[in-house]
Amino acid sequence: MYLPPHDPHVGDPMRFKPLFRIHLMERKSATVECMYGHKGPHNGHIQIVKRDEFSTKCNQTDHHRMSGGRQEEFRTWLREEWGRTLEDIFHEHMQELILMKFIYTSQYDNCLTYRRIYLPPSHPDDLIKPGLFKGTYGSHGLEIVMLSFHGSRARGTKITGDPNIPAGQQTVEIDLQRRIQLPDVENLRNFNELSRIVLEVREQVRQEQEAGEGPVPPREPSAKAPDGLPAKDGKESGHGGAEAAEQSASSGQGQPFVLPVGVSSRNEDYPRTCRLCFYGTGLIAGHGFTSPERTPGVFVLFDEDRFGFLWLELKSFSLYSRVQATFQNAAAPSPQAFDEMLRNIQSLTS
């Protein structure tokens with residue numbers, strides 16, 4: 001199992017934890033051992049369910065228990081999962097979320113079903129190389145997101161989830177046709193100014209959807225907001241603006257970036273220069289994935305390995321850093337197979 005680094009150190013490497021192992025014996029027989037818990041390997045079972053899917057079962061779950069009972073198990077899990085003790089976490093809501101995660105994950109006792117996922121196919125015109133990223137999600141800690149490109153849009157799909165948005169859901173969607181020109185740093189510190197710019201783009205999107213048309217030509221900037229409208233360079237290209245945006249990004253030109261006053265971020269060590277910004281939407285929901293809705297935000301490209309998303313309604317900022325670990329035989333056999341995989345994992349939690 002690959003675990004994200006301890007919150008909020010999004011730039012640190014992934015952590016590795018063995019869950020089971022298989023001993024191949026003579027005459028095509030094999031033994032399976034569960035590696036879960038702290039008492040060493042013990043008897044387990046693996047079943048091939050169907051193509052690209054298998055299940056594991058521990059036959060000796062008593063090996064997962066600790067002498068100090070659930071309290072000791074929780075404190076041990078907390079040190080391993082979060083790198084801290086409960087006394088270090090002062091935020092009451094965060095304590096509740098962490099306890100929920102412990103109860104949810106520990107009940108399975110390493111009896112799990114695994115389904116294959118593919119890494120996204122890449123295209124020369126992609127804004128950056130697609131792949132897996134570690135991202136900050138407030139009190140939920142760090143989560144793994146898969147960034148992929150689909151014509152004029154980019155999508156971030158959750159590979160790991162939380163009580164609000166489960167794995168498989170599309171956490172962010174970026175419209176590569178709608179560049180956002182940020183104001184200068186002093187005006188960028190004003191949340192209302194950035195909000196006005198983003199909501200102006202959202203209104204334009206709404207009008208186009210109601211009219212059933214493609215993107216309309218951008219209006220002339222008003223005197224009130226000279227830099228507040230999205231640029232649409234390269235809209236005619238095959239990747240709907242991604243090609244022109246990628247050229248601008250690769251030129252090395254950047255602009256100062258700072259979070260507006262009042263926007264929270266789990267990691268204050270975000271880059272202070274960005275390459276490009278685009279209009280996007282982020283998925284939010286209540287506990288249990290209740291009342292999900294897409295809300296406006298800003299996708300901020302820092303470099304080849306880092307990007308951010310500013311959640312306007314939540315006044316929150318997520319920082320994403322590329323997973324540098326390499327995975328064997330993970331490429332999708334075709335773009336169609338990758339799209340089908342995305343639909344399948346989303347249907348599991350919809």
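On a predicted model such as this, the values are computed, not experimentally measured, just so you know.
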Are there more than 12 heavy atoms of other residues, nucleotides or ligands under 6.0 Å from atom [atom1] of [X]?
{"X": "R206", "atom1": "CZ", "answer": "yes"}
{"X": "Q71", "atom1": "CD", "answer": "no"}
{"X": "Y114", "atom1": "OH", "answer": "yes"}

Subject >> Working for ring pair (Phe, Tyr, Trp, His ring centres under 6.0 Å), residues F309 and Y320 >> reply: CA-CA 8 Å; F309 191 82; Y320 301 82; 7.9 Å; no

Are [Y] and [X] connected into the same hydrophobic cluster when the rule is that any two of I, L, V, M, F, W, Y join if their side-chain heavy atoms are below 4.5 Å apart?
{"X": "I103", "Y": "M66", "answer": "no"}
{"X": "L199", "Y": "V263", "answer": "yes"}
{"X": "F54", "Y": "Y36", "answer": "yes"}

In terms of side-chain heavy atoms, does [X] have a donor or acceptor partner in [Y] at a distance below 3.5 Å?
{"X": "N187", "Y": "D184", "value": "yes"}
{"X": "H38", "Y": "E80", "value": "yes"}
{"X": "E200", "Y": "Q204", "value": "no"}
{"X": "H140", "Y": "N164", "value": "yes"}

**OP:** Please determine which of R294, R178, R155 meets the salt bridge (Lys or Arg N to Asp or Glu O under 4.0 Å) test together with E173.
**Re:**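 With E173 as partner, salt bridge (Lys or Arg N to Asp or Glu O under 4.0 Å) holds for just one option, R155.
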
Subject >> Minimum heavy-atom distance L142-P4, with the two atoms named >> reply: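 Closest approach of L142 to P4: O-CG, 3.7 Å.
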
Original post:
Which atom names give the shortest non-hydrogen contact between G40 and H63, and what distance separates them?
Top reply: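 Closest pair (atom of G40, atom of H63, distance): O-CD2, 4.5 Å.
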
Check this for me: does any side-chain nitrogen of one of [X] and [Y] sit under 4.0 Å from a carboxylate oxygen of the other?
{"X": "E193", "Y": "R196", "result": "yes"}
{"X": "D109", "Y": "R65", "result": "yes"}
{"X": "R70", "Y": "E73", "result": "yes"}
{"X": "K129", "Y": "E304", "result": "no"}

Original post:
How long is the span from the CG atom in L276 to the CG atom in L182, to the nearest 0.5 Å?
Top reply: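 Atom-to-atom, L276:CG and L182:CG are 10.0 Å apart.
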
Original post:
Between Y2 and F16, is the gap from one ring center to the other below 6.0 Å?
Top reply: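 For Y2 and F16, the ring centres are under 6.0 Å apart.
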
**OP:** Give a yes/no verdict on a cation-pi contact between R153 and F149, requiring under 6.0 Å between NZ or CZ and the six-membered ring centre and an angle within 45° of the axis.
**Re:**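 Because its charged atom misses either the 6.0 Å distance or the 45° angle limit, R153 does not stack over F149.
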
Original post:
Ignoring hydrogens and geometry, is there a side-chain-to-backbone donor-acceptor pair from T56 to N110 under 3.5 Å?
Top reply: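 The answer is yes, because a donor-acceptor pair under 3.5 Å joins these two groups.
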
